[in-house]
Amino acid sequence: MDPLPNGQHEPAAEIGAGGTRKSFRDELDSTRYTVVDEDWAGGVPAQYGVAPRVRIGPGEGSGRGSGKWFNLLWLIPIGLLLLIIGIAVAKGIRELPAVQGFMVRYPGTSELPGNAPVGFPSWLGWQHFLNLFLMIFIIRSGLTILSDHPRLYWTRHSTPGKEWFRIQKPVPTDPLYTAKQDSITLPAGVGLPGRRHSIGLARWWHLGIDTLWLLNGIIFYILIFSTGQWMRLVPLSWDVFPNSLSVAIQYLSLDWPLETGWVNYNGLQLLAYFITVFIAAPAALITGLGMSPALSTRFKTVSTVFSIQVARSLHFLVLCWFILFILIHVTLVMTTGALRNLNHMYASQDNESWTGFWIFAASMVVVIVAWVAATPFTYRHPRVVQKVGFALIGPAQRLFEHIDSKPGQYTKKDISAYFWHNGKYPETQEYKDLESGNFANYKLRINGLVENPIEVDMEQLRALPHHEQITQHFCIQGWSGVAKWGGVSMQTILELAKPKPEAKWVIFYSFAAGPDGGIYYDAQPIEQMSYKLTMLAYDMNEETLSFGHGAPLRLRNETQLGFKLVKWIKGIEFVEDFDDVGGGLGGYNNDHEFFGYRQSI
Ligand SMILES: Nc1nc2c(c(=O)[nH]1)N[C@H]1C(S)=C(S)[C@@H](COP(=O)(O)O)O[C@H]1N2
Ligand SMILES: [Mo]
């Protein structure tokens with residue numbers, strides 16, 4: 001069928017089979033990337049961030065660098081000063097008769113129930129080791145994920161200048177500055193893997209190892225409750241607080257309490273272990289899940305109580321707790337009778353032999369080798385990391401994929417003032433010509449396994465039933481934003497094109513090339529195309545979609561992360577599988593940056 005003459009609105013049903021059957025596949029890059037080298041992700045150069053800063057006070061105006069920022073490195077001298085003052089005060093007050101009386105009444109440990117177990121069983125030692133081993137990878141990959149959007153916020157709007165924490169310079173004023181440009185590099189020994197924008201691989205590590213860590217934690221919970229060990233980790237009387245105060249005075253006055261860990265922890269140990277095991281660990285899981293679009297868009301309360309950014313900020317504060325805990329814990333283990341303490345945890349015995357030390361030393365060799373090897377291994381075998389990660393966390397990620405995201409809608413007042421840009425902008429002449437002609441010559445080409453291959457121009461698209469939604473965008477990098485999208489429901493497109501029963505995947509092709517060359521594309525499961533919140537948007541916040549956000553047409557599928565929402569769409573193809581499309585992994589980022597095609601968590 002000939003293209004419709006300008007200005008003529010044709011009834012939807014009559015948009016006919018003008019679509020050529022030619023696919024856009026030959027414009028894809030089909031290289032099989034199997035290593036991460038210097039040219040990876042378009043050869044993005046390293047960029048290190050800045051020392052962590054916390055915003056104190058709103059500052060003047062709403063400028064991006066404005067406000068007062070406190071450099072957290074100051075905490076080191078301030079902490080040392082406070083420690084010295086604390087020691088002086090503790091030594092002083094310890095002489096006071098009232099304080100001495102208090103310390104006699106509360107020597108530091110609370111009474112344990114008579115049936116509480118004594119000592120540490122060997123399973124506890126194993127679990128303790130596995131926990132520390134796994135946490136190394138979780139923390140390092142978590143830092144890499146943070147570095148992909150090195151700012152934290154308390155609202156769902158990731159507005160530059162409104163973050164409360166950053167490890168990056170203020171956001172430049174360039175309106176087309178992208179979130180990818182904002183990502184920073186971590187040294188290879190710190191991050192996992194750490195290279196700038198290596199979040200795809202970092203996520204496999206983080207989420208994959210998380211499943212093992214959770215499994216270890218569940219076994220730990222079961223064992224401590226079935227052996228009575230829990231009694232040694234849960235405060236059973238309010239006197240834990242005065243006892244902790246007493247212990248704090250003893251530590252600070254450098255006249256340390258008697259170590260009784262084999263039998264019973266002192267008040268401060270008890271509180272620290274209780275918080276770590278029963279508050280911080282579950283909070284790590286809950287705040288982690290709070291960031292996923294899969295849960296947020298389906299269980300609205302998750303998102304209203306807990307916007308992705310609150311979840312992300314709290315997730316970071318849980319990390320801070322763990323790091324603080326590890327520092328103090330290790331310091332005290334080493335300074336309060338290291339041999340005996342190491343025997344407790346590594347040899348299940350209460351004496352000062354060297355046995356525990358040597359087992360500990362051997363375990364540290366394992367830790368150090370794994371630590372040093374993890375990043376280079378990841379760069380040499382990224383597909384292995386991707387596969388193992390997917391085997392571990394994939395089933396959980398898939399769990400929520402099949403539920404419609406209908407509840408994930410917001411109201412006008414939720415719309416974000418600032419919506420980050422992302423991705424690589426289209427640069428081809430083809431696109432520039434269409435853009436300068438206001439997309440009058442644009443045609444969306446829909447073909448593949450459909451009864452009715454079609455070509456539609458913008459005017460015809462605008463004449464189709466209008467669909468609107470106000471939804472939240474979740475970029476894999478960590479930023480979010482709410483916008484109102486206007487356009488055509490994918491259901492309408494399905495009705496027009498009539499996919500054949502064999503069609504299982506829908507490929508969206510972009511005018512824009514990805515960073516390594518070849519056009520950007522993504523494969524979406526066909527069942528998600530008839531979800532209520534899946535649409536082709538040509539308007540954003542009641543204006544024509546801008547260049548930066550994907551003009552003339554972009555995809556919205558609110559069950560998915562931002563990277564799957566192709567911008568600058570030029571074609572849609574229905575296929576049976578995506579093995580022969582591009583690199584064969586279901587999307588540009590999956591082929592090139594080791595993302596997963598099912599990653600709604
Ligand atoms: N063609 C194309 N589409 C793309 C990208 C891209 O690089 N190229 N980036 C994706 C990513 S990672 C995100 S988060 C969103 C960002 O959309 P926005 O710029 O409107 O915020 O677009 C997605 N669509
Ligand atoms: Mo993204």
Side-chain angles (χ1 to χ4, degrees), residues 24 27-29 41-42 44 145 148-149 156-160 171 174-183 197-200 202-203 291-293 308 312 415-428 430-431 435 444 471-487 507-524 535-541 543-558 560-572 582 587-597 599-600:
F24 291 105
E27 292 175 51
L28 298 170
D29 173 14
V44 55
I145 293 170
D148 225 47
H149 188 68
R156 64 180 82 252
H157 316 292
S158 308
T159 315
V171 176
D174 169 9
L176 288 179
Y177 182 70
T178 64
K180 269 179 200 159
Q181 286 174 284
D182 207 47
S183 65
H197 192 49
S198 55
I199 189 168
R203 278 175 54 109
M291 283 183 267
S292 85
I308 169 186
R312 193 165 179 260
I415 292 175
S416 303
Y418 183 92
F419 201 99
W420 279 78
H421 283 99
N422 218 355
K424 191 166 156 58
Y425 297 110
E427 288 165 349
T428 60
E430 179 193 22
Y431 182 81
E435 196 198 14
L444 170 69
T471 50
Q472 175 170 286
H473 180 97
F474 294 76
C475 174
I476 196 169
Q477 293 184 267
W479 58 271
S480 56
V482 177
K484 178 171 175 181
W485 303 99
I507 318 277
F508 291 82
Y509 297 99
S510 177
F511 284 107
D516 296 307
I519 59 171
Y520 195 90
Y521 79 101
D522 195 78
Q524 309 261 330
M535 66 179 291
L536 297 174
Y538 48 67
D539 286 341
M540 179 184 186
N541 297 334
E543 286 174 26
T544 307
L545 190 64
S546 65
F547 163 74
H549 290 301
L553 208 58
R554 63 126 9 117
L555 176 65
R556 301 295 317 166
N557 169 1
E558 309 299 349
Q560 299 288 356
L561 288 164
F563 76 88
K564 296 189 67 76
L565 311 185
V566 177
K567 300 192 286 185
W568 312 290
I569 295 175
K570 66 173 168 188
I572 303 176
Y588 197 89
N589 286 304
N590 317 340
D591 291 344
H592 293 254
E593 294 178 10
F594 311 101
F595 287 22
Y597 70 93
Q599 278 201 312
S600 52

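Remember, it's 1-based here, ligands and their atoms both numbered in the order they're listed. Excluded from the calculations below are hydrogen atoms, water molecules and symmetry mates; all remaining heavy atoms, backbone and side chain alike, are included.
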Selected option - heavy-atom contact closest to atom 23 (C) of ligand 1, from G587, G562, P515, C475: G562
Closest to atom 19 (O) of ligand 1 (judged by heavy-atom distance), picking from H549, K567, K564: K567
Any idea which atoms of ligand 1 are less than 4.0 Å away from a heavy-atom of [X]?
| X | value |
| --- | --- |
| H421 | 19 (O) |
| S510 | 1 (N) |
| W568 | 1 (N), 2 (C), 8 (N) |

Per-residue contact class, [X] against ligand 1 - non-hydrogen pairs under 4.0 Å:
| X | value |
| --- | --- |
| F563 | both |
| Y588 | neither |
| N422 | both |
| W420 | backbone |

I want to know if ligand 1 touches L565 in the polar sense, i.e. an N/O pair below 3.5 angstrom. yes
Is any N or O atom of K424, backbone or side chain, closer than 3.5 Å to an N or O atom of ligand 1? yes
Taking the side chain as C-beta and beyond, is there a heavy-atom pair between [X] and [Y] under 4.5 Å?
| X | Y | value |
| --- | --- | --- |
| Y520 | K424 | no |
| D182 | W420 | yes |
| S292 | F474 | no |
| E27 | Y521 | no |
| F508 | L536 | yes |
| W568 | K570 | no |
| I569 | L444 | yes |

Taking the six-membered ring for Trp, are H549 and F419 parallel (under 30°), tilted (30 to 60°) or perpendicular (over 60°)? perpendicular
Can you tell which of K180, Q477, H149, K567 makes a side-chain hydrogen bond (donor to acceptor under 3.5 Å, both in side chains) with N422? Q477
How far is [atom] from the closest protein heavy atom, and which atom is that?
| atom | result |
| --- | --- |
| atom 14 (S) of ligand 1 | H473 NE2, 3.2 Å |
| atom 6 (C) of ligand 1 | Y520 CE1, 3.5 Å |
| atom 7 (O) of ligand 1 | G423 CA, 2.9 Å |

Whether R554 lies under 4.0 Å from ligand 1, heavy atom: yes
Heavy atom of W479, distance to ligand 1 below 4.0 Å: yes
Stepwise, does the side chain to side chain contact (heavy atoms under 4.5 Å, CB included) test hold for F24 with I507? CA-CA 10 Å; F24 291 105; I507 318 277; over 6 Å; no
